[in-house]
Structures are given as C-alpha cells and as structure tokens.
Amino acid sequence: MVPCAELVHEPENGVVVNGWRRAVFRLGAAAGIAGPAAFTGAWIASSLRQTRQGPGGLQLSGLAAPDARDPLIMLAGFLVLGGCTVAFGAALRQALRGNATGGAGPGPALIQGAGLLTVAAGLLRRDHMLLNAPGEPGASWHSNAHDAISGLVYVNMVAAQLALAWRFGRDPAWRHWRPWLLASAAATGVILIAYATDVTGPAAAILQRAAVTLPQAAVAAIAARLMWRAGRAKRGATASG
C-alpha cells in the first residue's frame, strides 16, 4: 500500500498528485474561478467609471484604451484573466490525462492558448475607447494587432468548448457535461455572429459581454468541480492514512 501522504489517486478524473503537486493542482483549478471573476469585476467597475456610460456602454477593449477613465482597471482584468487561464489549462490537462479515455485532448491546450492571447490583447491596447471615434487618425499597429488577436480569442472560445465536449463525451466521469458545453459553444457562436454583424451598433457591447461571459462561466464550473474532486481525494487520503 502506498502511504496516503505520498500519493493520492483519484480515478474519476485521472488526478494523481503528491505533496506539492496537489497544492499546485488546486491553485491551478482555483485560477479557473479567479480569472473570470477578476475579469468580470474589472469590466463592471471600469464601465461604471466611464462618464455617462453604464455597465454595457463601451466594448471591453475600449475600457482599456488610453483615453478611457482608469484604463488600468481593465488592463489588469485582461492580464489576470490570461494568467489564470493558462494556469487552469495546466490543471485541467493534469486532471484529464493518464486515464483510459485517451489523454486530455486539445481542450486544455486551446484554453491555455486563449490565456496567452488574452494577455497579448491586453498589452496591445486599442487606440481609443470608441471603434468609430470621429476625427481620429488611422489605427496604430498595436491597435490593429489587438483587433486581430481578439478575433482569434473569440474563435478559440468556441473551439475550446467543442474540444472539451468531445473529450468529455468519451469519459464517464464527465459525460453529463457534454450537452451543456455543446449548448454553451452554440450560444457563444450565435452571439458572436450577431456581434460581428454590427460591431458599432447599440447592442454590440452587451453582445460582446454575453459572448465572453458564457465560456468563462463554463470554465469556472469545470474548475469548481476539479476543486471539489481534489478536496474529496484529500479527505479520503487523510481518512485512509
């Protein structure tokens, strides 16, 4: 018998941790909740700081633009979300790999890619709060890069959910999550299409917030389950040890 202090095996999600690895795994899982919470709090707070703008008044990128009021709030939201998403992807990969269902699949890598792209989008800020600011000069290279990266993030949000749905469908421990992820991916895609048809329209900011919130909620739900399973495994190890 392996001493419980040295090795804990959780067969339901494939987590195998010992000592510091358990702590790192739990931190990564917690990051899946902390990142979306920080980002959502940042855009709500930053939106309310804008003059004559409500929580759905400006698009998220505009809240971090140099001419926004307190743009560092939104910039911090981008950076925290990106870093936490990378950490969560690592924890999810650890949880899904090494069992009989064929490894972690591309989902965790797509999630980590979205995290890196989010950091890049935050650092390469847009020039102005408004997409159609009147009388402003042509966009800078970093503003154009921000828009291109944002497009990749949107595609990634849908692809990551579809990849996880495919992976979860082959795993009895996660199979009941598959329809929810498929529904979330479909809803995210539909909202993004509606947003893309009129990115300067009156509903654009609200559609954008809905499109980014849905996959973040899915990530947070998966992260909460990972934390619950890790806590259950730790309690079982303590009891058996």
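Annotation for Met74 and Ser46: closest pair CB-OG, 4.1 Å, computed over non-hydrogen atoms. A pairwise comparison of heavy atoms in Gly89 and Pro108 identifies O-CB, 3.5 Å as the closest pair. Between Gly77 and Ala42, the shortest heavy-atom distance links the atoms CA-CB, 3.8 Å. Pro71 and Pro66 make their closest contact through CG-O, 4.4 Å (heavy atoms, listed as atom of the first residue, atom of the second, distance). Here the shortest heavy-atom pairing between Ser184 and Leu214 reads OG-O, 3.9 Å. Across all their heavy atoms, Gln208 and Leu60 have their closest contact at OE1-N, 2.9 Å.
Looking only at distances, no side-chain donor or acceptor of Arg97 sits under 3.5 Å from a matching main-chain atom of Gly103. Of the possible donor and acceptor atoms, none in the side chain of Gln50 sits under 3.5 Å from a partner among the backbone N and O of Ala68.
When the side chain to side chain donor-acceptor pair (under 3.5 Å) test is applied to Ser61, the partners found at least two apart in sequence or on another chain are His146. Contacts of Ala204 classified as side-chain contact (heavy atoms from CB on, under 4.5 Å), with partners at least two apart in sequence or in another chain: Gln59, Tyr195. Among residues two or more places apart in sequence or in another chain, the side-chain contact (heavy atoms from CB on, under 4.5 Å) test is passed with Ser143 by Arg126, Asp127, Ala139, Ser140. For Ala165, the side-chain contact (heavy atoms from CB on, under 4.5 Å) partners two or more places apart in sequence, or in a different chain, are Arg178, Leu181, Leu182. Applying the side-chain contact (heavy atoms from CB on, under 4.5 Å) criterion to Trp166, with sequence neighbours excluded, gives Pro106, Arg170. In this view, Gln112 and Arg93 satisfy the side chain to side chain donor-acceptor pair (under 3.5 Å) rule, not counting sequence neighbours. With sequence neighbours left out, the salt bridge (charged side-chain N to carboxylate O under 4.0 Å, His left out) criterion links Asp70 to Arg49.
Annotation: side chain of Leu96 is in contact with side chain of Phe168 (closest heavy-atom distance under 4.5 Å). For the pair Leu110 and Gln161, the minimum side-chain heavy-atom distance is 4.5 Å or more. Between Leu92 and Val219 the shortest side-chain heavy-atom distance does not fall below 4.5 Å. Between Leu226 and Arg26 the shortest side-chain heavy-atom distance does not fall below 4.5 Å.
For residues 68-91, the pairs satisfying ring-ring contact (aromatic ring centres under 6.0 Å, His included) are Phe39-Phe78, with sequence neighbours left out. Contacts classified as side chain to side chain donor-acceptor pair (under 3.5 Å) and involving residues 71-87 (residues at least two apart or in different chains) are not found.
Taking hydrophobic clusters as Ile, Leu, Val, Met, Phe, Trp and Tyr residues chained together by side-chain heavy-atom distances below 4.5 Å, Val212 shares a cluster with Val199. No chain of hydrophobic side-chain contacts below 4.5 Å, direct or via other Ile, Leu, Val, Met, Phe, Trp or Tyr residues, connects Val155 to Ile111. Hydrophobic clustering (side-chain heavy atoms under 4.5 Å, transitive across Ile, Leu, Val, Met, Phe, Trp, Tyr) keeps Val80 apart from Met157. Linking Ile, Leu, Val, Met, Phe, Trp and Tyr residues whenever their side-chain heavy atoms come within less than 4.5 Å leaves Leu81 and Ile73 in two separate clusters. A chain of hydrophobic side-chain contacts below 4.5 Å, direct or via other Ile, Leu, Val, Met, Phe, Trp or Tyr residues, connects Ile149 to Tyr154.
Taking OG1 of Thr200 as the reference point, atom CG of Leu130 lies at 10.0 Å (rounded to 0.5 Å). We find the CD1-CD1 distance between Ile222 and Ile33 to be 11.0 Å, quoted to the nearest 0.5 Å. Interatomic distance, Gln216 CD to Cys84 SG, rounded to the nearest 0.5 Å: 11.0 Å.
Listed by chain and number, the hydrophobic cluster partners of Leu75 are Leu72, Leu79, Val119, Leu123, where partners are ILVMFWY side chains within reach of under 4.5 Å, directly or through others. Residues Val86 make up the rest of the hydrophobic cluster containing Leu116, defined by ILVMFWY side-chain heavy atoms closer than 4.5 Å, directly or through other members. Other cluster members for Leu27: none, since no ILVMFWY side-chain heavy atom sits under 4.5 Å from it.
Cation-pi check for Arg209 over Trp43 is met; the charged atom lies under 6.0 angstrom from the ring centroid and within 45 degrees of its normal. A cation-pi contact, defined as under 6.0 Å to the ring centre and within 45° of the axis, is absent between Arg167 and Trp177.
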Can Leu63 and Ser47 be said to form a side-chain contact (heavy atoms from CB on, under 4.5 Å), step by step? CA-CA 7 Å; Leu63 296 173; Ser47 297; 3.5 Å; yes
